[in-house]
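Excluded from the calculations below are hydrogen atoms, water molecules and symmetry mates; all remaining heavy atoms, backbone and side chain alike, are included.
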Amino acid sequence: MNGVAMIEVAPTYDSSKPTLLAVDAKTKKVLWEQPSRNHKTEDAQLAGFSAGNVLVVSCSGSESGGGPCKYDLLNPRTGATITSSTGTAGSSSPRLASITGNGQFTYILDKDGHLVTLDAKTAAVKSSIGGR
């Protein structure tokens, strides 16, 4: 998107902690790097594009139920935070599956069937439904 490729890389000794890299598609230079937001194995992180920006979803897992999720929109060229919002994970151990969107909304689906809808430009949570 906008000449930037997003790459998630994780060390083989701890694949649950991916680092996000933004790479200029033309020059192949790393523009910025963001370390994993996962602090324990129950946590989850997923990145994708939303309305021309990078969306990073990071959710905390807990034994008592779905923990908080943070939705950050980042500038794809600089990595600077444009806006953020929070919500709740659909299960006790969020397992994020995919991010997609249509320009107006961004949809985040986890592997338990929980669907979160965000405003694509503000990252504000519009709805949160489903799941086990």
Side-chain angles (χ1 to χ4, degrees):
M1 174 85 29
N2 298 328
V4 177
M6 300 306 305
I7 303 168
E8 275 190 330
V9 295
T12 54
Y13 61 85
D14 196 355
S15 61
S16 68
K17 294 188 177 177
T19 295
L20 185 63
L21 300 174
V23 178
D24 185 292
K26 194 176 211 176
T27 66
K28 312 296 188 265
K29 287 186 175 181
V30 174
L31 299 172
W32 52 269
E33 177 178 335
Q34 185 178 90
S36 176
R37 298 174 180 193
N38 294 352
H39 300 290
K40 53 189 188 285
T41 55
E42 296 87 13
D43 294 350
Q45 175 180 303
L46 186 65
F49 287 106
S50 174
N53 297 309
V54 176
L55 175 67
V56 178
V57 180
S58 48
C59 300
S60 297
S62 69
E63 292 180 18
S64 60
C69 289
K70 187 171 181 192
Y71 308 102
D72 291 314
L73 280 178
L74 308 178
N75 178 301
R77 298 221 55 92
T78 66
T81 300
I82 297 168
T83 187
S84 296
S85 70
T86 57
T88 303
S91 63
S92 61
S93 181
R95 299 173 303 148
L96 300 169
S98 66
I99 295 175
T100 190
N102 62 11
Q104 183 177 4
F105 298 106
T106 300
Y107 307 98
I108 303 150
L109 181 66
D110 73 17
K111 294 177 182 173
D112 293 326
H114 182 240
L115 178 69
V116 175
T117 303
L118 303 178
D119 180 292
K121 293 187 174 135
T122 66
V125 176
K126 294 297 183 182
S127 69
S128 179
I129 60 171
R132 292 186 210 181

inquiry  = I need the I108 CD1 to C69 SG distance, nearest 0.5 Å.
reply    = 8.0 Å
inquiry  = Tell me the closest heavy-atom pair linking R77 and L31, and the distance in Å.
reply    = O-CB, 3.8 Å
key: Cluster check I7, L20: I/L/V/M/F/W/Y, side chain < 4.5 angstrom   = no
request  = Compare every heavy atom of S58 with every heavy atom of R37, then report the nearest pair and how far apart it is.
outcome  = CD-OG, 3.5 Å
Which atom of T19 lies closest to which atom of E33, heavy atoms considered = CG2-CG, 3.5 Å
task = With sequence neighbours left out, write down each residue that passes side-chain contact (heavy atoms from CB on, under 4.5 Å) with T27, or none if nothing qualifies.
result = D24, K29
request  = Test Y107 against V116 for side chain to side chain contact (heavy atoms under 4.5 Å, CB included), laying out the working first.
outcome  = CA-CA 6 Å; Y107 307 98; V116 175; over 6 Å; no
Derivation of the side chain to side chain contact (heavy atoms under 4.5 Å, CB included) call for T86 and S84 = CA-CA 7 Å; T86 57; S84 296; over 6 Å; no
query = W32 side chain to P76 main-chain N or O, any donor-acceptor pair under 3.5 Å?
reply = yes
query = Are any of the side-chain heavy atoms of T100 and T106 separated by less than 4.5 Å?
reply = no
note = OG of S60 to NZ of K70, rounded to nearest 0.5 Å, is 11.0 Å
inquiry  = List the residues meeting side-chain contact (heavy atoms from CB on, under 4.5 Å) with S85, not counting sequence neighbours, and say none if there are none.
reply    = Y71, A123, V125
ask   = Taking side chain as C-beta onward, heavy atoms only, is L74 less than 4.5 Å from Q34?
value = yes
query = So L55 and I99, side chain to side chain contact (heavy atoms under 4.5 Å, CB included) or not? Walk me through it.
reply = CA-CA 9 Å; L55 175 67; I99 295 175; 4.2 Å; yes
task = Evaluate the side-chain proximity of E8 to Q45: yes if any heavy-atom separation is below 4.5 Å, no if none is.
result = yes
remark   = Taking every heavy atom of N38 against every heavy atom of K17, the minimum-distance pair comes out as O-CE, 3.4 Å
query = Taking I82 as the fixed residue, which of N53, V54, D72, T122 is the one that meets the side chain to side chain contact (heavy atoms under 4.5 Å, CB included) rule?
reply = N53
request  = Taking all non-hydrogen atoms of both residues into account, name the closest pair between M6 and V4 and its distance.
outcome  = SD-CG1, 4.0 Å
inquiry  = Please give me the minimum heavy-atom distance between T78 and N75, naming the atom from each residue.
reply    = N-OD1, 3.1 Å
request  = Could you check if a side-chain atom of I129 sits within less than 4.5 angstrom of a side-chain atom of H114, using non-hydrogen atoms only?
outcome  = no
